[in-house]
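Keep in mind that the numbers below use all heavy atoms, side chains included, and drop hydrogens, waters and symmetry copies. This structure is a prediction, so every number in the text was calculated from the model and none was measured.
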Amino acid sequence: MAGAAERRVVVVGDGGSPAAAAMAEREAGARRNVVHLAHPKTGASVCYLQHGGCLLELTWFKDALASWLLGDSVLEDGSLFMATPIDAAFLLLPLLVKSRMKKEGSDSEGMFRSLDEICTVDGFPSYGWLQSQGAWDSALALITDSREVGSTRYYRLNDSRVMAWLACKVAAAKAALRQHGEAPVRGLPDRELESYAVGLLSEYLPASLHSALCCHLSISTDEGKHTHDARRGLPTPPAAASQHKPSTAPPSAGKPGSSNSNQRGKKALRTQPGDRKITSFFGRNR
């Protein structure tokens, strides 16, 4: 049916505590809204889930061959969305940096702006809608200075508060990595683990704030980035590394020695004693 809503599978965590699980159960029937916001680092349009007063980051995964069994029906698209909480301050930071209009090299901290002005972003009306839902209130209290003029409150990014807040995020990331990270990460020296944590946070920070954080923690910008990049994947197990991978290169026809290679290949393909063709397993008993 044209225009019919497509079903997708979304997994939302309950926080791991009984209180969080009870809250998730109460909010199970609440409306969940998918909003489009600019990615805090790249500026690209990204989908987030707004639910129960929280913003959740959506991560998409799809296996090559997968489907879902939902009740009595089959959902052909076997993709999966993981919804995990994200601190709203990360999403608001780029807007606050831009709105204060601070001139490079100037001693001025920039301008105070109203929240309406801060949340007016071309192509992203969801910022204004989230403003009406109070999604930015806690973030503004953490990282901005504010002034009230008449009935309107104005905000300006406070660099010292931002660095203190980010330093707390780095410390929390270090503690989580030390306890729950993969073995190579858990075993890192404290300084390298700090660089790794900064690298993780850098995926949610504009380049200027990433550089400022590295300076604040006395970490070189390259160190904070490359330490994370070098350990992004898991180490290759020795057994897997030694396994032979079939070549996808075309046969070396016409090249010296290719005849001998073909002969060796034919010998390797000869049937060994006790081998059976796969078709023999499907033959009828006579």
Sub-4.5 Å side-chain heavy-atom contact between [X] and [Y]:
{"X": "Leu177", "Y": "Tyr196", "result": "yes"}
{"X": "Pro85", "Y": "His51", "result": "no"}
{"X": "Glu194", "Y": "Leu188", "result": "no"}
{"X": "Thr152", "Y": "Leu115", "result": "no"}
{"X": "Ser146", "Y": "Leu140", "result": "no"}
{"X": "Leu157", "Y": "Lys102", "result": "no"}
{"X": "Leu213", "Y": "Ile219", "result": "no"}
{"X": "Val35", "Y": "Tyr127", "result": "no"}

Considering non-hydrogen atoms only, spot the tightest contact between [X] and [Y] and give its length.
{"X": "Lys41", "Y": "Leu205", "result": "CG-O, 3.4 Å"}
{"X": "Ile118", "Y": "Ser99", "result": "CG1-OG, 3.7 Å"}
{"X": "Gly43", "Y": "Ala38", "result": "O-CB, 3.7 Å"}
{"X": "Arg161", "Y": "Ala141", "result": "NH1-O, 3.4 Å"}
{"X": "Pro94", "Y": "Pro206", "result": "CG-CG, 4.1 Å"}

Euclidean distance, [Y] [atom2] relative to [X] [atom1], rounded to 0.5 Å:
{"X": "Ser79", "Y": "Trp60", "atom1": "OG", "atom2": "CH2", "value": "6.0 Å"}
{"X": "Met101", "Y": "Arg113", "atom1": "CE", "atom2": "CZ", "value": "6.0 Å"}
{"X": "Thr144", "Y": "Asn158", "atom1": "OG1", "atom2": "CG", "value": "8.0 Å"}
{"X": "Arg156", "Y": "Ile143", "atom1": "CZ", "atom2": "CD1", "value": "14.0 Å"}
{"X": "Phe124", "Y": "Leu130", "atom1": "CZ", "atom2": "CG", "value": "12.5 Å"}
{"X": "Leu49", "Y": "Cys54", "atom1": "CG", "atom2": "SG", "value": "10.5 Å"}

With a 3.5 Å cut-off and no angle check, do the side chains of Gln133 and Asn33 form a donor-acceptor pair?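 Result is no, nothing qualifies.
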Consider only side-chain N and O atoms of Ser114 and Asp116, and report whether a donor and an acceptor are under 3.5 Å apart.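 Side-chain D/A pair, Ser114 to Asp116: absent.
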Would [X] end up clustered with [Y] when hydrophobic side chains under 4.5 Å apart are linked, directly or stepwise?
{"X": "Phe112", "Y": "Leu142", "value": "no"}
{"X": "Tyr154", "Y": "Leu93", "value": "no"}
{"X": "Leu70", "Y": "Val74", "value": "no"}
{"X": "Phe61", "Y": "Leu56", "value": "no"}
{"X": "Val121", "Y": "Leu55", "value": "yes"}

Centroid separation under 6.0 Å, is that true for the rings of Phe90 and Trp165?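 Trp165 vs Phe90: aromatic centres under 6.0 Å.
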Parallel under 30°, tilted from 30 to 60°, perpendicular over 60°: which one fits the rings of His39 and Tyr204?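 Taking Tyr204 first and then His39, their aromatic rings lie parallel (interplane angle under 30°).
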Note: Arg100-Asp159 ion pair, threshold 4.0 Å (strictly below):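 Counted as a salt bridge, because a side-chain N and a carboxylate O are separated by less than 4.0 Å.
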Using the side-chain hydrogen bond (donor to acceptor under 3.5 Å, both in side chains) rule, take Ser195 and Glu192 through it: C-alpha gap first, then chi angles, then the decisive distance, then the call. CA-CA 5 Å; Ser195 297; Glu192 288 190 32; over 6 Å; no
Exam field: side chain Arg178 to backbone Arg186, donor-acceptor pair closer than 3.5 Å: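 Present.
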